[in-house]
Amino acid sequence: MLFHSSIRKELGRSFGATLVVLATVVVTILLIRVLGQASRGNVNPSDVLLVMGYTVLGQLPIILALSLFIAIVGTLSRMFRDSEMAIWFAAGRGLGAFLPPLLRFAWPVLSVIAVLSLVAWPWSNVQIQELRNQYERRGDIDRVAPGQFQESANGNRVFFIDRDSPDAQTASSVFIATFDPGRETVTSARNARLETIRGDRFVVLSNGQRLENTATQPAAKLSEFREYGGRIGTAAAVLDDVNAVPRKAVATADLLADPTLPNRAELAWRIGLAVAGLNFVLLGLAISNVNPRAGRSGSMLIALFAFVLYFNFLNLGQNWVQSGRVSFVGFLILLHGGVALLALTLLVKRHNQWSWRPRRRAVAAPVAAGDSA
């Protein structure tokens, strides 16, 4: 049918272009964020692309929902601006007749959003968490990078070696600062090497000095040495919260099996993101219009404001469910049901051309006596 095919073709072009633009912007922002995390030592620099890819996959449901919303509003507003809507209205097509082709175009996108929010979102967070935990479990020797100050896993040591180190087993211009309860030690050496003795790893410092300061003694103790060795553990101490799984990394089936308040809050966010895509279709059809006073971008600005407001209420509702202020079902009905009811009300009003203002009755002008003659 010409009516359905023409709308879906234009929606497809607009959706594809919008998706490419939004994905490019999001990838750029996430790349800068992940590079910042890598510079702070939270992410392995060699895993930057993996972390960014998993993060983009987790954010893809939001990108798809926004792209669909912008595509619907932009396409229908363009049809209003070019008087194509007037032609379809004159042919007996009301505004409600646009809902079936919109839903027929949007249902694959809505299905992908639902799958991504319920399955891909926790899976991508699990992969990111595993990469970070693996990076946190590095040994102290593995943490040392030439020319950079690096902190140990338990946070009580700071290492530094010169950039001109010949290989991975030897180093030059070594600096080690150790902070223990009641004692601080600063050790520096010209050279250092790694040795394995009876299965244990040792670091041997050469031609250096050691400054020790304790809380019980007022004066610091300085000693020089030709060689000073210490045993290095094969694995770094792991923080207590490294193995803690964040709520966003828990599978949806596990959230359903354990209906605690935090699990219900996370589940409400995932289900709400899938339902929000359908509400965006209804809202896009209801608010699409061209107001000559507001300019061509009036509907688009309203759409962006509605998306930001909806998304903020989605995050706010998650906190309310987690704190017990709102029930899980009550939140879904209040937010998503309220938005759906508002969108349907606006759609019915515009479809039937109802007006909030009472219509003025036309008053016939008085006819003069001379004119009647």
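Just so you know, these numbers come straight off a predicted model, no measurement behind them. FYI, side chains are in, hydrogens and waters are out, and symmetry mates aren't considered; it's all heavy atoms of this structure.
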Please list every donor-acceptor pair under 3.5 Å in which a side-chain atom of residues 54-68 meets a protein atom from a residue at least two apart or in another chain.
from	atom 1	to	atom 2	distance (Å)
Thr55	OG1	Val51	O	2.6
Ser67	OG	Ile63	O	2.7

Could you go through residues 16-30 and list every donor-acceptor pair under 3.5 Å that involves a side-chain atom there, pairing it with any protein atom two or more places apart or in another chain?
from	atom 1	to	atom 2	distance (Å)
Thr18	OG1	Ser14	O	2.7
Thr24	OG1	Val20	O	2.7
Thr28	OG1	Thr24	O	2.8

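Looking at Thr178 and Thr187, their side chains never come closer than 4.5 Å, going by heavy atoms from C-beta outward. You'll find the side chain of His336 reaches within 4.5 Å of the side chain of Tyr310, heavy atoms only. Side-chain atoms of Ile271 and Leu118, non-hydrogen and from C-beta on, do get closer than 4.5 Å to each other. Contact annotation: the side chain of Leu301 never approaches that of Phe305 to less than 4.5 Å [non-hydrogen atoms, C-beta and beyond]. Side-chain atoms of Arg247 and Gln322, non-hydrogen and from C-beta on, never get closer than 4.5 Å to each other. Residues Leu278 and Leu103 form a side-chain contact, since some pair of their non-hydrogen atoms from C-beta on lies under 4.5 Å apart.
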- request: Evaluate the side-chain contact (heavy atoms from CB on, under 4.5 Å) criterion for residues Leu102 and Leu76: first the C-alpha distance (whole Å), next the side-chain angles of each, then the deciding distance (0.1 Å), finally the verdict.
  value: CA-CA 10 Å; Leu102 289 180; Leu76 297 181; 4.2 Å; yes
query: Hey, mind stepping through Phe313 and Leu334 against side-chain contact (heavy atoms from CB on, under 4.5 Å) and telling me if it holds?
result: CA-CA 11 Å; Phe313 271 115; Leu334 182 63; over 6 Å; no
message: As a quick check of understanding, evaluate side-chain contact (heavy atoms from CB on, under 4.5 Å) for Leu304 and Ile70, giving each step before the final call.
response: CA-CA 8 Å; Leu304 294 177; Ile70 292 178; 4.0 Å; yes
Candidate pair Asp254 and Asn263, rule side-chain contact (heavy atoms from CB on, under 4.5 Å), full reasoning: CA-CA 9 Å; Asp254 296 335; Asn263 289 348; over 6 Å; no
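Of the inter-residue distances, the one linking Leu222 atom CG with Asn213 atom CG reads 11.5 Å to the nearest 0.5 angstrom. Distance check: Leu256 CG to Arg264 CZ gives 10.5 Å after rounding to the nearest 0.5 Å. Trp123 CH2 to Thr252 OG1: the interatomic distance, rounded to the nearest 0.5 Å, is 14.5 Å. The distance from the CG atom of Asn125 to the CD atom of Glu130 is 11.5 Å, given to the nearest 0.5 Å. Between the CG atom of Leu347 and the CG atom of Leu283 there is a distance of 10.0 Å, given to the nearest 0.5 Å. Here the CG atom belonging to Leu116 is positioned 9.5 Å from the CG atom belonging to Leu273, to the nearest 0.5 angstrom.
Residues Leu346 and Ala286 share a closest heavy-atom pair of CB-CB, 3.9 Å. Annotation for Ala257 and Pro259: closest pair O-CD, 3.4 Å, computed over non-hydrogen atoms. Across all non-hydrogen atoms, the minimal contact from Phe331 to Gln318 is CZ-N, 4.4 Å. Minimum heavy-atom separation, Ser206 to Glu227: OG-CG, 4.0 Å. Shown here for Ile287 and Ala303, the closest heavy-atom pair between the two residues is CD1-CA, 3.9 Å. Smallest separation of non-hydrogen atoms from Trp121 and Ser117: CB-O, 3.5 Å.
Using modelled atom types, no side-chain atom of Arg210 and backbone atom of Ser223 make a donor-acceptor pair closer than 3.5 Å. Between the side chain of Thr75 and the main chain of Ile72, no donor-acceptor pair closer than 3.5 Å is present.
Under a hydrophobic clustering in which Ile, Leu, Val, Met, Phe, Trp and Tyr are joined whenever their side-chain heavy atoms come within less than 4.5 Å, directly or via other members, Leu314 and Leu261 fall into different clusters. Using a 4.5 Å cut-off between side-chain heavy atoms of Ile, Leu, Val, Met, Phe, Trp and Tyr, with links allowed through other members, Trp320 and Val329 fall into the same hydrophobic cluster. In this structure, Ile128 is a member of the same hydrophobic cluster as Leu49, with clusters built from ILVMFWY side-chain heavy atoms closer than 4.5 Å. Tracing side-chain contacts under 4.5 Å through hydrophobic residues (I, L, V, M, F, W, Y), one reaches Phe307 starting from Leu316; they form part of the same cluster. In the hydrophobic cluster analysis, where Ile, Leu, Val, Met, Phe, Trp and Tyr join through side-chain heavy atoms closer than 4.5 angstrom, Leu335 is grouped apart from Val308.
The pair Glu266-Lys248 fails the salt-bridge criterion, with no side-chain N (NZ, NE, NH1 or NH2) lying under 4.0 Å from an Asp/Glu carboxylate O.
Taking the six-membered ring where tryptophan is involved, the planes of Phe15 and Phe105 are perpendicular, since the angle between them exceeds 60° and thus also 30°. Aromatic ring orientation, Trp269 versus Phe311: perpendicular (interplanar angle above 60°, classes split at 30° and 60°).
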